[in-house]
Structure formats: C-alpha cells, structure tokens
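What you see is a predicted model; the values in this text were computed from it and never measured. Throughout, a chain's letter reflects where its sequence line sits, starting with A, and its residues are numbered from 1.
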Amino acid sequence: MTHNILCVRHLSKHYTTGGARLGGKKPSNVLKALDDVSFNMVRGETLGVVGESGSGKTTCARAILRAIDPTSGQVFFHNNNRVVDLASLSSGQLKPLRKEMQMIFQDPFASLNPRMTVGDIIAEPLVIHRIGTRKEREDRVVQILERVGLKAEHRSRYPHAFSGGQRQRIGIARALILRPAFVVADEAVSALDVCVRARILDLLKELKAEFGLSIMFVSHDLSVIRHICDRVLVMYRGRIMEMGDVEEVFNNPQHPYTKVLLSAIPEPDPDRKMNPLTTDSLTPDQLEPLPTVARLANDDPITLPKI
Amino acid sequence: MKPMTDHVLEVRDLCVEFTTLHGITRAVRGVSFDLPRGKTLALVGESGSGKSVTSYSILRLIQKPGEIVGGQILFHPKDGPVVDIAQLSPKSDELYRIRGGKISMIFQEPMTALSPVHTIEDQITEAILLHRNVTKKQAIDLAAEMLEKVGITQVQQRLKQYPFEFSGGMRQRVVIAMALVCQPEILIADEPTTALDVTVQAQILSLIRHLREQMNTSVLFITHDLGVVAQIADEVAVMRYGVIVERTSARQLFTMPLHPYTRELLRAASLGRERDFPPVQQLVGLPDGWQFDEPAGNGVCQMFEVEPGRHLLMWKGDNA
Ligand SMILES: Nc1ncnc2c1ncn2[C@@H]1O[C@H](COP(=O)(O)OP(=O)(O)O)[C@@H](O)[C@H]1O
Ligand SMILES: Nc1ncnc2c1ncn2[C@@H]1O[C@H](COP(=O)(O)OP(=O)(O)O)[C@@H](O)[C@H]1O
Ligand SMILES: [Mg+2]
Ligand SMILES: [Mg+2]
C-alpha cells in the first residue's frame, strides 16, 4: 500500500527560443523551464512549491496537470487503486481523470468569459463532465457557494462585482465542485491583502480537511508556505534544490540556496533585522540539488518510499 | 522658534477627492503626520486605503478627476523658509524645484520613471542638469558615482545601455540612483519592492537604509507589507479607508499595537504565530465618548495622543 498520490520522475519542460524555431539561421537556445524534477507527494498533504519568479513553479504544476505537455518524464498519479502515468496519456484518456485534478489560480477569472454569471462559472466543470441534471447542478452550486462563505443569491451576479477575496472564494468553489482528490493552487493568495489572505488560507485549511484534499501549493511567499504546507520543495532555475518537512526546512535549511531565500524574509519584528545573503557568492557546485533530492530520482515509484 | 522635534515634512488634515460618474470618492479624508528629519516613516495599509494618493499629493502629482480639497503640506527645507506645497501653483518654478530636486519619488514599477528610448546616462544626467548647476561632463561623473553607490558594476558600460537591458531589480537601483543624485531632502518610495523577488527586495531595502544614513535623507516609505515596515521604518502610520488610524514608533507598533485594526493587520502578517494583546483600555487612557469604529451616519474623528508620540484615531457620532 502506498501513501503517495503523486510520484513525479525526471519531469522536464524545455522551451526553444529564438533562431531555428522562427526559421532563422541562428542556433536556437533551449530554456530548461523545468529540468529533471523528481518528487513524491503524500496523499492528504499540502506540498509547497517555493522559489523566485521564473524558477519553474508554474511550469511544474502545469506539466503535472497536463495543462502543458512535458518534454520528458513521468507523473504517476495514484487514484481509486489505479496508477497512471499522466505524462503518457492521450487527451481522451486524460479527460475522465481531469475530474480528480483541479487548479486554483491567482486571478480565477482571467481566462473566463466575463459575461458568465458566478453560477455559470462554478457549474461549468459539472457541465463539461456531464454530471447531474440542471436542478442537481444548481443544488451543488448553492451548497459549495455557502461552504466557501458566499450566498446562494450571488449565483446570478457577475464576478467583477466582487472583491478580491470573494473572487478567490468563487475560484475555490469552481475548483472543488467536482470533488477532486488533487488540487493545485498557483499563487492563489498572492494578490490578496493580508487580512483577506489570512481568511482564505484558513478556508483552504478547513476545506482540505473536510474534502480530504491533497494540495500542491505554489507560491513565492515564504511565510504563506510555512503557514499552510506540510512539506516543501525549494526550486531554483527549474530544479528542486531541497525538499522536506516545512518546519525542518525553515528552521534548519541544508541547501545554500534555501539559506539565501530564508535570509531575505522580512519578519514583522523590528528586533529581527534581516541580514540578506546573496546567490552571487555561491559556486555552481553549491547550486546543485542536495544529494537526498538527487537520490530520490532513482527511487522506484511503485515501491514509493516516503522521503 | 525651532520646534522641539525637527520635522522635514508636516502634513495637516490633507483631503483628496476624486469626482467620477458615480459621485465623489473621498480617497484621503483628513490625514496628518510628521516626517522627522533623517528618519524613515512608513505609511502602511491595505490596497485602496489611500497611501498612493497621499504620497502623490505631496509632490502635487494628483491629476483630474482628483483634487486636493483641503489641508496643508508643510515642507521645511534645511535652509530656507517653510513652504506649503498644497498652496503652490501647479506650474510654479518653486514646485518644479521641489519635485525631483528637494523631494523625489520612486514607484513600484521602475519604468514609471524611466524612458524606454533613452540611455541610462541621458536620463540621469537630464535629472541632474535640471536641478543642479553643473556642466554636462560633471553631470556624467555624478551619474557614474551614483550608480556605483547603488551597487551597479561596470558603470561606464551600463551608462550607455537602455532600461530593457537591466533586470527588474537593477532597474529599481537605477531609479533609486536617479532619485537620489540631486541629494533630495525627502525620498518618497511608493511600494518600491512590491514587484520584486524577496531576495532582490532584501537588497533594495538594505540599499535604501544604507543610503538614507549616508546621505541623511528623510524617507516616506509606502508599503502594504508589515514585514517590510519592521525592516525599514523608525515611525509608522497605519492607514485605512483614507484616514490614519494609528501613528507611533515602529518599536511600539510591533510590540504593543493599540488600534484594533493595527492588531488585525499584525495578526494577519504574523501568520501562524498567535499574537494576543491585552484590551487597549488597560494600557492607555481613552477619551470618554469616543470609539474606534466609524459610526454609520455622519461622524467626526480626531487623533488623540494617548501616550507621548503615540496617536490614535477615534470617532464620535454627530448626534452623540
Ligand atoms: N510558454 C513559454 N515559452 C517560453 N518560455 C516560457 C514559457 N513559459 C514559461 N517560460 C519560462 O520558463 C521559466 C519558468 O517559468 P514559470 O514556471 O512561469 O516560473 P514561476 O512560476 O516559478 O515564476 C521562465 O524563465 C519563463 O520565462
Ligand atoms: N484616478 C482615480 N480615479 C478615481 N478614484 C481614484 C483614483 N485614484 C485613486 N482613487 C481612489 O482613491 C482610493 C485610494 O487609492 P490609492 O491611494 O491608490 O490606494 P493605495 O495606494 O493605498 O492602494 C482608491 O480606493 C480609489 O477609490
Ligand atoms: Mg508562476
Ligand atoms: Mg498604492
């Protein structure tokens, strides 16, 4: 028996930039947005993915969910006593699995039709997967709306009429209406004011327990990661430098890059003035993944050892 | 007579309104604070609380449909008489001399202050020539010297480059160099690190701290992040809905916040670390008949100095 919901092995996403791609003569450059990433995710945990902008966090999340096609690697997803490699499935094979995997974005409406009402937005996943009658769908929408702290009458309104925190509640409702097993939250609270942010984080914690979710929580904000995650992956230039229990990583970082990152957190305490380190003084050797991280890549995903 | 504390800026009852199709928005509704000379005052609050409008007002950068409808912005230059910036004519020479000369400003997005089509050298020297009586050659030397001060290497080469050739953090350094090259008495920084990665933010904050000491500039630092406030500020003013609700030293604010809203902010910023505070009535005397919450109808508000250097905003209903 395994506790892992996800075993990612050697996952990479390369982008070709300039030159040949555009039919030019210049040799093209390969940008390794995600570079041979391997990790396990334990069922029911909140796994943080932290790193600076451009470190590959979003690419990692999107490659796992097949919102983009990875260049290489495997994503073993364990659900309903089955193991599938998401990276190798066709889009037809993926469709039924998509019910189990949802995403919460920084701006939940950026990619949606602004003329959809809140009710339509939340019900859309049900419609796409042909779940329930009209009436049943409506009932589920009301139920989830109330669960995320909104009201039934909000159904007929448009998203622009809502504050940032309320919009994020709508985004969460849409992500959870299918009762997924696995949710990715990508910078879900990054645009919110602190007080609202604290309330949305509390809501996510409650919902996670109630729905038995496994959450991959992507954020550049270290204090948010520390607050909400059980374990954390620290990314730098498309690779995982360090991973482990969140308190352990924060209290006793092993990787020099993690130390740089943590030294830059502005603590809300004037007696703890930061003394920021920089990556400038680090040699390329020091910016290699920790041996424990590198070793995990060779662990058999079926025996699934817990890291 | 010299005042007891030396303030480089005193803002008094500043009111700013925007007239839109939907009516009048009172973005800033009577804001008062002092910026002590050589110190950093942080203006902190959530988005929409009126921080930017307040800071733009100080340089008279508020544009239609916005308007300063009341209050004083008293600037006390090192040498020279006090000026009420709120009273200056928008096109006056005096305002131009102050803006970018004696008081300069940096923004969240460095490109606000940079032109994409001019070299860094052209842009910094232009700022110098506008405000200082030097030759072009001297201006270039000053620009190079300032770039070095903000931690840019290979300055001679960098001067010839365009903003797009710099990373976000390096651009913000260039903007800081441009803002400080005329040795302003006040630097207004409106969320200058909000768009940057934490590691870059940490470096920019150290840089501002260091330059402030070296150049004896007073800083008005605007941010929504209490972590940043703790790192940079001597004094803090907490803004909400266009008013300042609490004003005190940074140390006092973080050890014992008094206003319920400040406490809420601090709890939210200290994620995961429980912070309990005793009831404010046990800590300081509060004026009778006044409350922290703004009354629903018309109300009047007033700042009370509940302890030396410690001000709280309180409200009273009109009918009270
Ligand atoms: N569609 C794309 N084409 C080319 N490069 C991309 C694309 N998407 C992302 N990248 C690059 O991949 C790197 C990682 O990006 P991303 O995963 O978005 O980082 P993060 O989410 O950590 O900020 C960045 O350098 C980014 O510019
Ligand atoms: N150009 C404008 N037109 C209309 N209202 C504005 C404009 N700029 C600012 N406001 C109003 O002023 C308030 C305060 O804005 P601002 O000072 O930018 O907030 P902050 O910087 O604290 O986030 C806003 O909530 C908005 O109502
Ligand atoms: Mg991202
Ligand atoms: Mg602002």
Open item on the list: Is there a side-chain contact between B:Gln203 and A:Thr278 in this structure, where contact means two heavy atoms from C-beta onward sitting under 4.5 Å apart?
Closed with: yes
Task: B:Arg267, part contacting chain A, at a heavy-atom distance under 4.5 Å - done: neither
- [ ] Mind checking the CE-OG spacing from A:Met274 to B:Ser206? Nearest 0.5 Å is all I need.
- [x] 5.5 Å
Open item on the list: Testing the basics here: between A:Pro266 and B:Val228, what is the closest heavy-atom pair and its distance to 0.1 Å?
Closed with: CB-N, 3.9 Å
TODO: Please determine, by modelled atom types, if B:Thr199 and A:Glu52 share a side-chain donor-acceptor pair under 3.5 angstrom.
DONE: yes
Task: Pairwise distance OG(A:Ser55) to CG(B:Asp197) - rounded to 0.5 angstrom - done: 8.0 Å
Open item on the list: What's the separation between atom CZ in B:Arg273 and atom NE2 in A:His227, rounded to the nearest 0.5 Å?
Closed with: 10.5 Å
- [ ] For B:Phe277, look at atom CZ and say whether over 12 heavy atoms of other residues, nucleotides or ligands are found less than 6.0 Å away.
- [x] yes
TODO: Grab the two heavy atoms, one from A:Asp269 and one from B:Ala230, that are nearest each other, plus how far apart they are.
DONE: N-CB, 3.3 Å
Task: Salt bridge flag under 4.0 Å for residues B:Glu46 and A:Arg197 - done: no
Open item on the list: Tell me whether the count of non-hydrogen atoms from other residues, nucleotides or ligands lying under 6.0 Å of CZ in A:Arg147 goes above 12.
Closed with: yes
Open item on the list: Are more than 12 heavy atoms, taken from residues, nucleotides or ligands other than B:Lys39, located less than 6.0 Å from that residue's NZ atom?
Closed with: no
- [ ] For A:Pro268 and B:Ala269, work out which heavy atoms get closest and say how close.
- [x] CG-O, 3.9 Å
Task: chain B contact via A:Arg199 - which portion, at a heavy-atom distance below 4.5 Å - done: side chain
Task: Separation of B:Gln231 CD from A:Lys273 NZ (nearest 0.5 Å) - done: 6.0 Å
Task: Part of B:Leu196 within contact of chain A (heavy atom distance under 4.5 Å) - done: neither
- [ ] Any chance you could measure B:Leu271, atom CG, to A:Ser223, atom OG, to the nearest 0.5 Å?
- [x] 5.5 Å
TODO: Check whether more than 12 heavy atoms from other residues, nucleotides or ligands sit under 6.0 Å from atom NZ of A:Lys32, and answer yes or no.
DONE: no
- [ ] Heavy-atom distances under 4.5 Å only: say whether A:Leu222 touches chain B with side chain, backbone, both or neither.
- [x] side chain
Task: Spacing of A:Arg272 atom CZ and B:Phe254 atom CZ [to the nearest 0.5 Å] - done: 12.0 Å
Task: Side chain / backbone / both / neither for B:Val229 at chain A, heavy atoms under 4.5 Å - done: neither
Task: Criterion side chain to side chain contact (heavy atoms under 4.5 Å, CB included) on B:Val198 and A:Leu261, from CA distance to verdict - done: CA-CA 7 Å; B:Val198 277; A:Leu261 211 50; 4.1 Å; yes
